[in-house]
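Have a look at the structure below, then the notes.
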There are 2 protein chains.
Amino acid sequence: MERPRIRDYFQQDLSQNETITPKQRAILQASLDLFAEKGFDQTSTSDIAQRAGVAEGTVYRRYKTKAALRDAILAPITAHIVPILASDFSEDELRQRYPSLQAFVTAIFTDRVAFAKANVKELKVIFEMAAFDTERREQILSQIAPKMVKQMGSVINKLKADHLIVDWPNDLILQSLLSQLFGYLAQLMLELPGTEIEREQAYLITVMTKILTPGEHDQITGQ
Amino acid sequence: MERPRIRDYFQQDLSQNETITPKQRAILQASLDLFAEKGFDQTSTSDIAQRAGVAEGTVYRRYKTKAALRDAILAPITAHIVPILASDFSEDELRQRYPSLQAFVTAIFTDRVAFAKANVKELKVIFEMAAFDTERREQILSQIAPKMVKQMGSVINKLKADHLIVDWPNDLILQSLLSQLFGYLAQLMLELPGTEIEREQAYLITVMTKILTPGEHDQITGQ
DNA sequence: AAAATAAGTGAGTGATAACTCATTTTAATG
DNA sequence: CATTAAAATGAGTTATCACTCACTTATTTT
């Protein structure tokens, strides 16, 4: 059940361009950890230096500002989170036919959820930025949203054509599915008490299947 | 279509204990606005003073620290948000029978959504606090969660007894419904582009009904 | 191994933000 | 109207934080 970690792509990205020293790597790791724990504003550069075991000046050697450090952390996350969360649909999953919608939904979401679980810190960071920093939100969404809508849109269209799922506008289908997914991820990220993760996961699949299944209540009334 | 505003309870609360001067009221209003616009950390006390049209010292007259000011804002929100979001179920809605589950869900959620729309600023503030301040989150949740679970739990139990909805654990039902609601609220709060609010709202009801409707996919498999 | 380049250091700096307090202004009371 | 109390003021204090730089240590090159 090995899941890819954004962290790995992270290091991969960096070592492509220039060599990265162990101390610089420690700074990035400490920043990610602290941003996820306390949030960006609540983390000082001296906090980062302390956690990374370096002098504060070292933090500023590669990244000229704290904002640049944040962006250096954010970039690989936004770059890799979409391809993994949204891609591979048409290639792998759709090629083979699934016996039921439930089986299909299960196949698609179990490993996405596993991926999310393996990258909780990264998700926390990206959520904070997207939620409370308007500029950052627009930046992140402009990179993520179009690809996501396109990738998943093609899957949805194929399923619609075969009358396997409800005939609703794609953005509405996506919204309800993502709401369920994020609701689940919120539990992981916020470490809410009294949640049995495994049970929730099976339930998540069931609810998503139910939403997608064509049925009697599908006429959307109102304007 | 007048919906209660937390703002009103806010002023009500304050005027009960002591008299509140116009300038102090302006400070609270400015704080709420700025916290919702920029977030707590990004708002300085001088920002607040400027927006409220008072001297910075005046901000500290009633509230000894910035944190105390935050708590004074947070308290009435948490205190009144639950009774309105979760209550009145058994009293009003459940007494009369609804022709369909859809009608019941519609009746319950339309005014909750309207209430949320009328209090977007307050919701933004409470979400920021709950999302990235662990202490505040526990404080807020300990006040909100138990009441919510209890209030809505009783409604769910009655519906279950009549076999009108799925026989799932209450916390799981709540989670999926709240996920949908929050997914919708996120659009309001983040002002995401390209969303037609009215259409989403009708859709929200439909999805919630679909989730609740008993059916064939309701066995939760997996462990 | 000497020279040159890069990496790392930490005391120091300027700016900003939270918070204080002596004084002034406003409101209440006799 | 005079006196007293409360409210408001804003210049000033302290602390913290992002960021700099002259200098030291490590690494690479010749």
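Each chain gets a letter, A, B and so on, in the order its sequence line appears, and its residues count up from 1.
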Out of C:dT9, D:dT9, D:dA7, minimum distance to the side chain of B:Lys23 belongs to D:dT9
Could you state the CD-C1' distance from B:Gln24 to C:dT26, rounded to the nearest angstrom? 14 Å
Residue A:Gln50 excluded, over 12 heavy atoms near CD under 6.0 Å: no
If you look at every strand shown and take non-hydrogen atoms under 4.0 Å, does A:Thr21 touch a base, only sugar-phosphate, or nothing? sugar-phosphate
N or O in side chain of B:Gln42 less than 4.0 angstrom from C:dA17 OP1/OP2: no
Between A:Asp47 and A:Ser44, do the side chains contain an N or O donor and an N or O acceptor separated by less than 3.5 Å? yes
Report which part of the nucleic acid A:Val59 touches: base, sugar-phosphate, or nothing (heavy-atom distance under 4.0 Å, all strands). nothing
Which nucleotide wins on minimum distance to the side chain of A:Tyr60, given the candidates C:dG8, C:dG10, D:dC19? D:dC19
Quickly work out the A:Ile48 CD1 to D:dC19 C1' distance and round it to whole Å. 13 Å
Once you round it to whole Å, what is the distance between C1' of D:dC19 and CG of A:Asp47? 15 Å
Ionic contact status for B:Lys66 with B:Glu56, cut-off 4.0 Å: no
Please determine, for the side chain of B:Lys66, which listed nucleotide (C:dA18, D:dA18, C:dA6) has the closest atom? C:dA18
Quick one: which of B:Phe40, B:Phe182, B:Phe132 gives a ring pair (Phe, Tyr, Trp, His ring centres under 6.0 Å) with B:Phe127? B:Phe182
Of the options C:dG8, C:dG10, C:dC19, whose atoms approach the side-chain atoms of A:Arg61 most closely? C:dG8
Round to the nearest Å and state the distance from B:Ile20 atom CD1 to D:dA8 atom C1'. 15 Å
Given the rule in the side-chain contact (heavy atoms from CB on, under 4.5 Å) test, do A:Phe115 and A:Leu123 qualify, once you have shown the distances and angles that lead to the verdict? CA-CA 10 Å; A:Phe115 166 74; A:Leu123 286 173; 6.0 Å; no
Nearest-angstrom distance from the residue atom CZ of A:Arg62 to C1' of C:dT9: 17 Å
Indicate whether OP1 or OP2 belonging to C:dA17 is found under 4.0 Å from a side-chain N or O atom of B:Thr45. no
Is there a side-chain polar atom (N or O) of B:Lys64 under 4.0 Å from OP1 or OP2 of C:dA18? no
Specify the separation, in whole Å, of atom CD of B:Glu56 and atom C1' of D:dG12. 12 Å
Just how far, in rounded Å, is C1' of C:dC19 from CG of B:Leu69? 13 Å
Would you kindly give the CG-to-C1' distance between A:Asp41 and C:dT16, to the nearest whole Å? 14 Å
Picking from D:dT9, C:dA18, C:dG10, the nucleotide nearest the side-chain atoms of A:Ala55 would be C:dG10
